[in-house]
Amino acid sequence: MKIRKSVLLSGMFALSGLFTAGFAQSDVDKRVEELLSKMTLEEKLGQMNQVSFFAVDDKAIAQYSDDDMDAFLVRMGIAGGQGQKKPSEMSKQEKIDLIKAEADKMLDSNITGPVRNGKIGSLLNVTDAEMVNKMQKAALEDSRLGIPLIIGRDVIHGFKTIFPIPLGQAASFDPQLVEDGARVAAVEARSTGVTWTFAPMLDISRDARWGRIAESLGEDPYLGGVLGAAMVRGFQGNGNLNDPGSVAACVKHFIGYGAAEGGRDYNSTNIPPHLMRNVYLRPFHEAIKAGAATLMTSFNDNDGIPASGNGYILKNILRDEWKFDGFVVSDWNSVGEMIAHGYAKDDRQAAELSANAGLDMEMVTGSYMKYLPELIKEGIVSMETVDNAVRNILRIKFRMGLFENPYVDTKKASVLYADDHLKAARQAAIESAILLKNDNNTLPLSEAKKIAVIGPMADAPHDQMGTWVFDGDKNYTVTPVGALKGEYKHIDYVYEPALGYSRDKNTANFEKAKQAAASADVAVVFLGEEAILSGEAHSLSNINLIGVQSDLLKAVKSAGKPVVLVIMSGRPLTIERDLPYADAVLFNFHPGTMGGPAIFDLLFGKANPSGKLPVTFVREVGQIPMYYNHNSTGRPAPEKVMTLDQIELEAGQTSLGNTSFYLDSGKDPLFPFGYGLSYTTFEYSDITLSSPSIPMNGTLTVKVTLKNTGKVDGAEVAQLYIQDIVGSVIRPVKELKGFQRVALKAGEAKTIEFSLTTNDLAFYGRDLVEKAEKGDFNVWVGGNSNASLRSTFSVTE
Ligand code: NOJ
């Protein structure tokens with residue numbers, strides 16, 4: 001609370017439907033050129049300027065403490081000065097009225113006025129429909145040229161109805177589910193006037209210490225590309241940016257942000273060209289092929305060049321190679337931050353470097369507005385550069401139909417938290433949960449048994465929503481305890497949280513938790529991370545269960561009853577030490593508004609777990625980075641490696657074998673990429689290929705039999721991996737190239753089929769040109785990246 005208030009206050013100081021077919025491109029181009037020809041330089045720079053909105057309304061003021069109000073009045077020179085009343089002499093209402101009047105003045109001079117004068121092209125963080133309409137009116141009806149604003153907001157995994165965090169959605173391996181989730185978010189956000197979301201985040205994330213892994217789609221470029229494209233379709237509607245239930249997507253962060261050194265947010269990255277092309281750029285390219293309207297540059301520098309000043313990625317790759325014709329926005333002040341990077345000496349040079357690199361819109365820095373006029377006059381930045389940036393921005397505004405359809409119909413019935421949205425969020429939470437362990441079929445639980453519900457995440461409505469929730473309201477969250485009070489009220493349970501929150505170190509109630517477990521047939525322990533422990537700027541160097549949660553688990557286990565561990569967290573955790581104290585483990589990346597009922601649907605077997613890990617779970621933090629699709633080394637570790645206690649005293653230097661592994665934590669992760677159990681079992685057999693070899697541009701069909709060998713119905717994510725055995729640059733040991741969710745009744749078998757073209761095998765080789773290379777390949781199909789059912793084929797000339 002405290003933090004939000006001061007952000008609001010400092011923000012004030014810091015700042016000086018119709019469904020139609022898409023517009024024909026030629027019409028859009030014509031309209032862009034016509035408009036551009038009428039614009040003054042200042043109006044052009046206005047389009048390139050994005051400002052963060054602030055408003056102080058009754059709701060905001062209601063959150064201020066008396067101290068906040070007094071400090072505000074004094075800082076603004078409204079009270080406490082010579083000849084002025086002291087805050088202590090004022091009534092609360094008097095203070096509120098003065099703050100409101102001052103805020104209105106500031107709003108007018110910093111936002112509404114500049115919008116009216118064509119000096120602002122985009123606002124971020126305004127989500128009140130009336131206010132959006134007021135701002136759009138200033139832009140459309142009061143400004144000289146009537147250019148609508150594009151209104152941005154971080155709608156990352158839902159607007160009001162919160163879906164699982166993106167990393168959780170990725171665990172579903174279900175593009176349709178992910179698309180539907182983005183659609184719900186778009187419909188809700190657009191209903192309040194938001195027309196642009198800063199999502200999806202497509203940063204490849206191979207380091208669980210990095211807080212923003214939560215916002216990612218995991219470690220794999222193929223999975224990230226397929227799901228990123230699905231999110232773009234969901235946000236933007238099927239190709240028609242001008243569907244009034246859509247928002248423009250913004251793929252971010254371009255580029256390499258997830259490879260921050262040591263997982264420390266905002267840190268440098270060092271991604272060499274082949275890795276950049278074959279891994280980090282791939283999901284971005286897929287999302288752009290799916291029609292993403294905008295793209296955001298990242299905070300990091302890669303190999304010494306900050307992304308917001310990197311013309312090679314913004315021009316050569318994005319525009320020339322990929323033919324991207326949307327617009328590029330910087331991240332928050334990432335233009336200005338090039339000064340701290342030591343890349344620009346001042347704001348003027350930062351503006352020059354970013355404009356010349358091809359960055360179209362600046363988020364909050366304001367240096368284009370200030371310095372581009374003189375930089376143009378001096379011939380350092382060309383008018384053509386500015387015109388191109390404005391063209392890119394206007395093109396999207398026209399395509400979105402913002403000129404025709406700028407306002408929100410405030411009389412329409414609310415779509416927020418609509419029943420079908422909540423239903424979709426529940427289904428997403430179900431498909432995103434990953435069953436990591438289930439000894440002796442501990443799960444599913446019988447509804448007739450008494451359960452002890454224990455742990456700080458059992459009833460944490462805010463934390464269950466996860467990071468990047470600006471608009472979701474925790475009062476709508478249904479927690480596990482909430483579900484037990486609602487639709488699962490027939491369950492006999494006892495609830496003992498034992499800890500107030502995940503970091504709480506007070507063990508005083510552990511004995512009570514143990515007693516609760518002893519009094520029940522089974523203990524379900526809800527542990528994990530608070531939302532604040534992941535997300536932007538929230539990296540951790542230790543990713544064990546935080547605080548004393550592992551001790552709580554042990555205490556509960558000592559009651560002698562079966563223990564089900566349910567984790568809700570923003571990142572993979574190192575839980576090897578906890579596994580012996582749990583008979584079953586259901587892992588949920590923060591599951592969102594409907595997490596509670598979704599989890600009980602799974603625990604009671606109304607739904608069968610089917611999520612798969614979108615990221616490798618390491619055994620020890622020191623194993624990071626560890627990911628399944630690493631390059632082949634010259635000395636791969638053998639199947640079994642020596643463990644520390646097997647090493648003889650004074651063993652000879654080479655007696656352990658000189659291969660690549662850790663003496664203390666081996667060569668394997670705790671759980672591999674793609675892993676996840678079910679209440680049933682699946683068997684893969686009979687891998688057959690349409691041919692032992694395919695020519696360049698040919699297609700290979702891979703068939704396997706997948707059988708549900710257990711006693712209940714279930715869904716399995718069948719995964720196809722390949723290995724290009726010899727390449728002109730070293731290829732990964734395995735690469736995901738296809739996956740399918742297959743629903744199978746108990747005992748049912750199906751033949752499933754994957755198609756692989758040589759395009760799917762293409763990579764950027766020694767010459768940095770993307771193509772498939774002839775040679776031999778391994779192909780595997782299975783339920784995770786350790787799949788062993790293998791065949792081989794070759795690609796010929
Ligand atoms: C900074 C974050 O890095 C970015 O992802 C986000 O969209 C912007 N702030 C706007 O909030």
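Whatever order the structure lists them in is the order used to number ligands and atoms, beginning at 1.
Side chain to side chain, Thr294 and Trp196 meet the donor-acceptor criterion of an N or O pair below 3.5 Å. Using modelled atom types, one finds a donor on one side chain and an acceptor on the other under 3.5 Å when comparing Ser502 with Glu530. Side-chain polar atoms of His421 and Glu188 form a donor-acceptor pair below 3.5 angstrom.
The option with the heavy atom closest to atom 3 (O) of ligand 1, from among Asp331, Asp154, Val364, is Asp331.
When non-hydrogen atoms are compared, ligand 1 lies under 4.0 Å from neither the backbone nor the side chain of Met201. Only the side chain of Arg212 comes within 4.0 Å of ligand 1, judged by heavy-atom distances.
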Run the side-chain donor-acceptor check on residues 219-228: report pairs under 3.5 Å with partners two or more places apart or on a different chain.
residue : atom : partner : partner atom : Å
Glu219  : OE1  : Thr616  : N            : 2.9
Glu219  : OE1  : Thr616  : OG1          : 3.0
Glu219  : OE2  : Thr616  : OG1          : 2.9
Glu219  : OE2  : Tyr628  : N            : 3.2
Asp220  : OD1  : Tyr628  : OH           : 2.5
Asp220  : OD1  : Asn629  : ND2          : 3.3
Asp220  : OD2  : Tyr222  : N            : 3.0
Asp220  : OD2  : Leu223  : N            : 2.8
Tyr222  : OH   : Lys737  : O            : 3.3

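Close approach to Lys252 involves these atoms of ligand 1, each under 4.0 Å from a residue heavy atom: 4 (C), 5 (O), 6 (C), 7 (O). Of all atoms in ligand 1, numbered sequentially from 1 with element shown, those under 4.0 Å from a heavy atom of His253 are 3 (O), 4 (C), 5 (O). Applying the 4.0 Å criterion to heavy atoms of Phe198 picks out, from ligand 1, the atoms 7 (O).
Closest approach of Ile151 to Gln136, counting heavy atoms only: CG1-NE2, 4.2 Å.
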